Protein chains: 2
Amino acid sequence: MRSYGQYCAVAKALDVVGDRWTLLIVRELLARGACRYTDLRDGLPGIATNLLVDRLRELEQAGILSREAAPPPIATTLFQLTVRGQELRLVVEELARWGTSYLDDPGAGDAFRGRWLVLPLQLRLRDRQPDLPPVTIEVRAGDDPLLLEVGGGAVGIRQGSVPDPDAMLTGAPQLVFGVLTGRLRLADARAAGLQYVGDPEVLRRVQPEPLRAEADGHQVATPK
Amino acid sequence: MRSYGQYCAVAKALDVVGDRWTLLIVRELLARGACRYTDLRDGLPGIATNLLVDRLRELEQAGILSREAAPPPIATTLFQLTVRGQELRLVVEELARWGTSYLDDPGAGDAFRGRWLVLPLQLRLRDRQPDLPPVTIEVRAGDDPLLLEVGGGAVGIRQGSVPDPDAMLTGAPQLVFGVLTGRLRLADARAAGLQYVGDPEVLRRVQPEPLRAEADGHQVATPK
DNA sequence: CGGCATCCTCTTTGATACTG
DNA sequence: CAGTATCAAAGAGGATGCCG
């Protein structure tokens with residue numbers, strides 16, 4: 001990337017990670033840990049292979065990630081974040097927090113991977129009935145299933161599954177996300193193709209309080 | 001910008017603010033509030049005028065900023081962030097936090113504006129002698145002077161000046177920043193062209209603890 | 001299969017000059 | 001002051017080929 005040539009911390013940061021695709025590569029490495037080239041390519045649908053190679057080299061150059069031959073059993077190279085790269089976690093999380101509201105749009109045709117919802121769901125879901133026994137919810141929206149472990153006032157979210165979840169949500173990511181965050185009513189989502197198996201109370205336990213009013217997106221900030 | 005086409009909060013955020021120059025425009029509006037076109041151009045040295053126009057239109061489109069005719073005395077349009085745009089503050093701040101370490105490099109020839117140091121200095125400076133009476137330090141490193149108001153355990157930093165500061169630092173931004181953060185010794189910075197007027201104790205009052213060892217930039221993160 | 005390299009087209013950018 | 005217009009260079013995207 002061409003440098004902005006500004007003695008400014010934001011500009012210097014963007015000199016390093018401001019290129020197209022760069023922060024999404026960091027997202028993948030943050031979410032999955034050490035990855036093979038093909039894992040990264042799968043986690044970055046739409047990237048051209050030459051671009052992925054270029055970015056990986058630039059990030060290695062910049063000390064954000066390192067490339068290592070995997071230990072004997074595996075015959076491949078692994079890419080993983082350095083300490084400096086891990087320090088980007090808060091940057092990526094703040095971007096995710098800010099971008100989460102766009103997940104409420106339909107956004108049909110988008111590529112999807114289950115792990116992309118881990119952060120947005122963690123930001124919005126709560127265990128609203130901490131005194132009830134724990135429950136698990138399985139979400140099947142894309143590639144690998146996502147598991148919500150609800151109990152003791154907290155909601156844990158990770159990729160995986162358990163033998164007998166208390167509820168199971170299956171369908172398009174937008175429907176799943178809309179129902180879990182309470183923006184869509186279960187009946188409407190069902191009409192749109194979502195499948196839900198289990199007690200609807202399980203769902204209500206994690207949904208956040210309904211918002212009172214949509215903020216006006218073009219509202220002007222009051223000065224000061 | 002071409003969309004990443006991913007149902008992911010980070011990708012959606014970057015669809016909106018991932019373009020080159022976009023977050024730097026937001027930086028300027030966050031730091032200065034409502035701006036005229038020429039203010040922005042001055043705060044974004046290196047941007048092509050057509051790009052600035054393009055970005056402003058895209059950001060207006062996206063509901064990040066609004067364009068308004070200024071009230072009667074002034075005959076110009078003002079650009080200011082919407083509420084949605086202000087919500088980018090944490091994103092920009094985290095980028096600044098992460099990028100601050102690059103300010104320790106020489107980086108000669110970079111453009112500079114005083115307000116760009118407000119955040120990085122706030123992150124590093126402390127009032128280490130809260131019981132002493134307050135002091136002010138004036139910093140002349142670029143366009144407008146920067147004022148450090150030190151007292152009661154806190155350091156306030158803003159653009160401006162006072163009639164009789166307790167200390168005055170004048171010189172290249174890299175030298176000023178290096179001395180204030182304690183990375184450069186005053187004598188060395190003076191030899192490199194920095195001017196300092198005032199009691200050196202005033203300087204020591206705000207400098208952070210010296211770091212014990214540089215982190216290895218290419219160190220690999222320990223898994224888990 | 002994993003990990004690229006090359007070629008080609010299309011879009012974005014950067015630099016500069018010009019205008020109401 | 002607040003932009004347009006123009007044009008060359010760089011970068012992104014897509015297809016395909018290569019090699020252990």
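In this text the structure is predicted, and so the values were computed from the model without any measurement. To find a chain, count down the sequence lines: A is the first, B the second, and so on, and within it residues start at 1.
In this structure, B/Thr22 contributes its side chain and B/Gly18 its backbone to no donor-acceptor pair below 3.5 Å. For the pair A/Thr82 (side chain) and A/Ile64 (backbone), a donor-acceptor distance under 3.5 Å is present.
For the pair A/Arg20 and B/Tyr4, the cation-pi test (distance below 6.0 Å, angle within 45°) is passed. Judged by the 6.0 Å and 45° rule, A/Arg89 forms no cation-pi pair with B/Trp98.
Checking the phosphate oxygens (OP1, OP2) of C/dA5, a side-chain nitrogen or oxygen of A/Arg57 falls inside 4.0 Å. Between A/Thr76 and C/dG3 there is a side-chain polar atom (N or O) within less than 4.0 angstrom of OP1 or OP2.
Closest heavy-atom contact between A/Leu186 and A/Val179: CD1-CG1, 4.3 Å.
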Nucleotides 9-17 of chain C: protein proximity per nucleotide (B base, S sugar-phosphate only, - neither; heavy atom, under 4.0 Å): ----SBBBB
Please tabulate, one pair per line, each protein N/O and nucleotide N/O from nucleotides 18-20 of chain C that are separated by under 3.5 Å, including the distance.
none

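Taking CD1 from B/Ile25 and CG from B/Leu30, the interatomic distance works out to 12.0 Å, rounded to the nearest 0.5 Å.
B/Leu180 has its side chain within reach of B/Leu148: a pair of non-hydrogen atoms, C-beta onward, lies under 4.5 Å apart. Between B/Arg32 and B/Arg113 there is no side-chain heavy-atom pair separated by less than 4.5 Å.
To the nearest angstrom, P of C/dG3 lies 7 Å from CZ of A/Phe79.
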A/Leu40 and A/Leu29: CA distance, side-chain angles, deciding distance, side chain to side chain contact (heavy atoms under 4.5 Å, CB included) verdict: CA-CA 8 Å; A/Leu40 286 171; A/Leu29 288 169; 4.1 Å; yes
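Taking the six-membered ring where the residue is Trp, A/Phe79 and A/Tyr37 present tilted rings, their angle falling between 30° and 60°.
The stretch residues 34-44 of chain B touches DNA chain D through B/Arg36, B/Tyr37, B/Thr38, each having a heavy atom within less than 4.0 Å of the strand.
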